[in-house]
There are 2 protein chains.
Amino acid sequence: MVTMTRTVVLAAPSEQSSDVTRVAVSTVIFTLRRDPAQENPVIALPLVRRTRDPYEGLWALPGGWLDQDESLDDAAARTLAETTGIAPSYLEQLYAFGAVDRSPTRVISIVYWALVRPDEIPSHEAVPAYDAENVTWVDAAHLPPLAFDHTEIVDYALWRLRNKAGYSRIAHGLLPDEFTLAELREVYESILGRRLDPANFRRQVDNSETLIPTDRFRTGSHRPARLYRYNQDVELADRGPLIARP
Amino acid sequence: MVTMTRTVVLAAPSEQSSDVTRVAVSTVIFTLRRDPAQENPVIALPLVRRTRDPYEGLWALPGGWLDQDESLDDAAARTLAETTGIAPSYLEQLYAFGAVDRSPTRVISIVYWALVRPDEIPSHEAVPAYDAENVTWVDAAHLPPLAFDHTEIVDYALWRLRNKAGYSRIAHGLLPDEFTLAELREVYESILGRRLDPANFRRQVDNSETLIPTDRFRTGSHRPARLYRYNQDVELADRGPLIARP
DNA sequence: ACAAAAGTGTTGTTTGTACACCCATGC
DNA sequence: GCATGGGTGTACAAACAACACTTTTGT
């Protein structure tokens, strides 16, 4: 094989690490943010500032190198916790990115995507490594320039989120424990980018058996709205045979 | 495939290969096979016999090591061509597998899945490296014991195939250029594992605008059936923003 | 009382499903 | 002619979408 010759040359001991294919793990973390200027909540995600080359100073997805003795899933959870302190309510592999020129050195990035409920976002003080200077939360619809191919990655993650919202109960992963139907509907409206009929929406989730009504109500505005909680027996999404199920 | 193993060892004399995380690419290739014993065609896939440890002698998915200067997609296409001579009609990334213990040495496998039309399978003579001893096609429903975690991988690929058959025109990737509606229906029946009403099936694909009727007919049995061809303007499946579209 | 959101009812359309039936060919 | 799969029509049910209407609160 042609490749053999080339590999041997490149892999010679005298070369630097740039001759090695390294595996990184990154995560696109979605949450919702109430924007006073907007009617509906807005999809937001955290970015970390790069403190070294390449792309020093630019924003990038949180992530890190895969350790020798940890699985991809573990690496995603670990790097997430280290960089943002987040333990997400939903975490799923998104895609493996491996274009040759996506980084100056050869890096394969296994990218995950996650949903976090607003109440799962730790306060800055609770995260030892938190560095307010170098972490920011941005509106997914108005991304700053990102390092590497991370803009493309976020776009793909958004596509998956919208897609999955159409056929699964994934939006619950963005809401706190108890919520009103209007709040749930607003989540879907934010993700799908269109208005939904409140009456029909109510019936749909009603029939889906995914919600458990509580006897508590959200008061304050007009007629109090019943609070619901998510039925834990129903999976947020069918993830196929990879995930062990009861 | 084997070459790289050796190279890595040579390239890092002070370390064993088990200290390096290597990236492999494998592909689950689906095609259809007419089984005289069965009413409908059967989903089949090619396996290659392992000729060295680990799992020497067992069947495994075709694949190989990722080259330093090729993208993941290119590696999938290349290893596919090298081991089986196949250029598939549909090729998509499936999942990245990275459990620590899935191989004695640390290997991350980026797995693809592919569909090939029966007429795209090259004859053995046309593939220089073809080794009849060490390549076999098996019924996806009756897998022999496989090396590594490949059984799990095939199960996941089958789940994805069935899933995708439900909401896309993916089944066309398994048929030759011209086909009857009954043949197309049989493909869906094989994938989904249940019978479909011929009348309703006809109307569904009719309305979907994905088929172009020809003026040719398949004769031989009873009333001749019109041959259709696939409308190239319609994508087999929506693959999101990762794939450039017109 | 009134505005506004919560929640219910009604109606028409679209989609899916079951199945009866005619059509064209090989035997 | 008759069996068989190709192809059409129809009737019912479920899901979806539009929107009028009632209920319950804050002000």
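Sequence lines set the chain letters: A, B, ... in the order given, protein chains first and strands last, and positions in each chain run from 1.
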Atom pair distance, as rounded to whole Å: [atom1] in [X] and [atom2] in [N]:
X	N	atom1	atom2	value
A/Y167	D/dC16	OH	C1'	21 Å
B/F217	C/dC23	CZ	P	16 Å
B/R223	D/dG7	CZ	P	6 Å

Sequence neighbours left out, what passes side-chain contact (heavy atoms from CB on, under 4.5 Å) with [X]? Give chain and number order.
X	result
B/N40	B/E186, B/E189, B/S190, B/R195
B/S71	B/D73, B/D74
A/P224	A/F217

At their closest point, which heavy atom of B/A75 faces which heavy atom of B/V25, and how far apart are they? CB-CG2, 3.9 Å

Sort out for me which residue in B/R185, B/Q204, B/R202 forms a side chain to side chain contact (heavy atoms under 4.5 Å, CB included) with B/L196. B/R185

Do B/E152 and A/L242 come close enough that some side-chain heavy atom pair is under 4.5 Å? yes

Remember a base hit wins even if backbone is also touched, and classify B/A182 as base, sugar-phosphate or nothing at under 4.0 Å, heavy atoms. sugar-phosphate

Taking only heavy atoms on the protein side, list every residue of residues 200-212 of chain B lying under 4.0 Å from any atom of DNA chain C, sorted numerically. B/N200, B/R203, B/Q204

Strictly below 4.0 Å, heavy-atom distances to any atom of DNA chain C: list the hits from residues 184-197 of chain A, or just say none. none

Side chain of B/R226 (C-beta onward), nearest among D/dG7, D/dG26, D/dT23: D/dG7

With sequence neighbours left out, what residues match A/N231 under side-chain hydrogen bond (donor to acceptor under 3.5 Å, both in side chains)? none

A/H222 vs A/L181, nearer the 5' end of DNA chain C by closest nucleotide: A/H222

How about B/N200 and B/R203: does a side-chain donor come under 3.5 Å of a side-chain acceptor? yes

